[in-house]
Asks: 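Structure in structure tokens, see below.
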Amino acid sequence: MRDPAGSSPWVLRNGHEELLIRKRYEFISIVNDFLIAIWFIVGSLLFFHEDTATAGTWPFLLGSCELAVRPVIKLAWHVRLRRLRPVGLRGSDQDF
């Protein structure tokens, strides 16, 4: 969020609560991104052989589902921060 003068970004913190929440959701997001990569790598490897091509479809489906989890994680983070902050104040624009 920018200060009223628009000169520099700043983040409103409620003690250490936001920092802890941010780290927790950032960790969950990183794990989710790692799982997405694993599913798509496994699916890609299985597509190299005709015998395993059908099995390769399942990791792609799982990876796609994991992609759908990304906005859910971000939404949960924003909802949690909204509960900690007064109405009208926003957090940083950092995207997890």
Side-chain angles (χ1 to χ4, degrees):
M1 177 182 241
R2 298 212 175 264
D3 66 1
S7 61
S8 65
W10 58 279
V11 176
L12 177 67
R13 289 189 173 87
N14 186 6
H16 295 291
E17 187 75 19
E18 181 180 337
L19 184 59
L20 176 63
I21 290 169
R22 177 171 291 173
K23 286 183 179 181
R24 186 174 300 151
Y25 282 97
E26 184 176 13
F27 176 76
I28 292 168
S29 181
I30 290 169
V31 169
N32 185 59
D33 288 347
F34 184 71
L35 287 173
I36 291 168
I38 294 295
W39 294 129
F40 282 110
I41 290 169
V42 168
S44 297
L45 291 173
L46 290 174
F47 269 109
F48 278 123
H49 301 285
E50 289 183 30
D51 297 340
T52 58
T54 302
T57 304
W58 289 104
F60 277 111
L61 178 61
L62 290 171
S64 298
C65 291
E66 288 288 326
L67 283 173
V69 170
R70 293 181 86 196
V72 173
I73 294 169
K74 187 173 181 181
L75 178 63
W77 178 70
H78 283 289
V79 167
R80 176 72 175 164
L81 285 183
R82 177 65 75 185
R83 290 181 186 166
L84 295 175
R85 295 190 177 158
V87 176
L89 295 178
R90 296 182 184 167
S92 70
D93 293 331
Q94 183 174 359
D95 186 15
F96 294 116

Asks: Within the distance-only criterion (no hydrogens, no angle test), does the side chain of Ser44 pair as donor or acceptor with the backbone N or O of Phe40 below 3.5 angstrom?
Replies: yes
Asks: Closest approach of Pro71 and Ala68, non-hydrogen atoms and distance?
Replies: CD-O, 3.2 Å
Asks: Decide whether Val42 and Phe47 are clustered together by the hydrophobic rule: side chain heavy atoms of Ile, Leu, Val, Met, Phe, Trp, Tyr closer than 4.5 Å, transitively.
Replies: no
Asks: How long is the span from the CH2 atom in Trp77 to the CD atom in Glu26, to the nearest 0.5 Å?
Replies: 9.5 Å
Asks: Give me the atom names and distance for the closest heavy-atom approach of Gly43 to Pro59.
Replies: N-CB, 3.6 Å
Asks: Using only atom types and a distance under 3.5 Å, with no angle test, would you say the side chain of Asn32 pairs donor to acceptor with the backbone of Glu66?
Replies: yes
Asks: Nearest 0.5 Å, please: how far is CD1 in Ile30 from CG in Leu35?
Replies: 12.0 Å
Asks: How long is the straight-line distance from CH2 of Trp58 back to CH2 of Trp39, given to the nearest 0.5 Å?
Replies: 12.0 Å
Asks: Less than 4.5 Å apart, any side-chain heavy atom of Phe27 and any of Val31?
Replies: yes
Asks: Answer with yes or no whether the hydrophobic clustering places Ile41 together with Phe48; edges join I, L, V, M, F, W, Y residues whose side-chain heavy atoms lie under 4.5 Å apart.
Replies: yes
Asks: Out of curiosity, does Leu67 fall in the hydrophobic cluster containing Phe60 (side-chain heavy atoms, cut-off under 4.5 Å, transitive links)?
Replies: yes
Asks: Is there a continuous path of hydrophobic side-chain contacts, each under 4.5 Å between heavy atoms, that joins Leu62 to Val69?
Replies: no
Asks: Please say yes or no: joined through hydrophobic side-chain contacts below 4.5 Å, possibly via intermediate residues, are Leu61 and Ile38 part of one cluster?
Replies: no
Asks: Side-chain contact, heavy-atom cut-off 4.5 Å: Tyr25 with Lys74?
Replies: no
